[in-house]
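As structure tokens, the structure follows; a few thoughts come after it.
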Amino acid sequence: WSDGKLSDVNFVNTTRGTGGLAISKYIEHDLVTDYTIPADKKFTMDVTLTLNDAVLANRTFKAESTDGSINSITTDANGKFEVTLGHRYQLEIFDLPEETVASVVERDYSGSGFKPTYYGNNAKDQNTVEIDKNAVATVEVVNTYTPAAAPAAIIVSGTKYVEDVE
């Protein structure tokens, strides 16, 4: 609308590009050979996908996990899905719309001695990344394992003599 007259407007639809997301899991500890990470030790993470501040609800994307057990993911009505990964495992998700924002949060395993640190696109303490066209954004979740302190052991020894016993 210009000067009381209708104006022509041209709309140009462009195809949004796509990119990927790789979520990796690692465990570190200072126990050298005193502790071996159990092969069945797994960690669950909640992932939220948004685009232009709106959740990507009820969407299915092709995916591939290190062990081949996952070949797709589906978000719920809140744009969330969960993934469970073990040490040195990865999940890659394909064909996410560019500018999608992915947030990865590991569930609380601090009671078992595991504390996560996030590396979003190699930046420490970043668990949120944006998907770029023709690129793969990365979120590494690295747990530092610290065993609980063992309680102090008290050893009492000696000899007791009893006298005048009938």
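Excluded from the calculations below are hydrogen atoms, water molecules and symmetry mates; all remaining heavy atoms, backbone and side chain alike, are included.
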Separation between CG of L56 and OG1 of T74, rounded to the nearest 0.5 Å: 12.5 Å

Interatomic distance, OG1@T15 vs NZ@K133, rounded to 0.5 Å, equals 8.5 Å

Would you find a donor on one side and an acceptor on the other, under 3.5 Å apart, between the side chain of R16 and the backbone of E98? yes

Could you measure the distance from the CZ atom of F43 to the OH atom of Y109? Nearest 0.5 Å is fine. 7.0 Å

A54 backbone acceptor or donor facing N52 side chain under 3.5 Å: no

Can you check whether E99 reaches L51 side chain to side chain, under 4.5 Å on heavy atoms? yes

Counting only heavy atoms not in K41, do more than 12 sit closer than 6.0 Å to its NZ atom? yes

Begin from the C-alpha positions of N121 and Q126 and carry the test side-chain contact (heavy atoms from CB on, under 4.5 Å) through to its verdict. CA-CA 8 Å; N121 290 329; Q126 294 296 318; over 6 Å; no

Is it the case that the side chain of T75 and the backbone of R59 share a donor-acceptor pair, with hydrogens and angles ignored and the cut-off at 3.5 Å? yes

CG of N127 to CE of M45: how many Å apart, nearest 0.5 Å? 12.0 Å

Looking at every heavy atom in both A77 and A57, which two are closest together, and how far apart are they? O-CB, 3.4 Å

When rounded to the nearest 0.5 angstrom, what is the spacing between OG1 in T18 and CG in D95? 4.5 Å

Can you give me the closest heavy-atom contact between A137 and I131, atom names plus distance? CB-CD1, 3.8 Å

Closest contact, heavy atoms only, A102 versus L49: CB-CD2, 3.7 Å

If we only count heavy atoms from C-beta on, is the T117 to D125 side-chain gap below 4.5 Å? yes

Could you go step by step and tell me if T128 and Y118 meet the side-chain contact (heavy atoms from CB on, under 4.5 Å) rule? CA-CA 9 Å; T128 300; Y118 300 93; over 6 Å; no

The test is side-chain contact (heavy atoms from CB on, under 4.5 Å); show your working for F61 and L21 and say whether it passes. CA-CA 11 Å; F61 298 96; L21 171 65; over 6 Å; no

Check the angle between the aromatic planes of H29 and Y145 and answer parallel, tilted or perpendicular using the 30° and 60° thresholds. perpendicular

Taking atom NZ of K42 as the centre, report whether more than 12 heavy atoms of other residues, nucleotides or ligands fall under 6.0 Å from it. yes

What's the separation between atom CD1 in I93 and atom OG1 in T60, rounded to the nearest 0.5 Å? 11.5 Å

Is the shortest heavy-atom distance from the side chain of E28 to the side chain of V142 under 4.5 Å? yes

Between N78 and T48, is there a side-chain heavy-atom distance shorter than 4.5 Å? no

R107, CZ atom: more than 12 neighbouring heavy atoms under 6.0 Å: yes

Heavy-atom side-chain contact between V104 and V141 under 4.5 Å: yes

Just so I know, are the side chains of Y119 and T138 near enough to count as touching, which here means a heavy-atom distance under 4.5 Å? no

Take atom CD of E130 as the centre, draw a 6.0 Å sphere, and report whether it contains more than 12 heavy atoms from other residues, nucleotides or ligands. yes

Run V47 and I73 through side-chain contact (heavy atoms from CB on, under 4.5 Å) and show every step you take. CA-CA 10 Å; V47 182; I73 61 95; over 6 Å; no

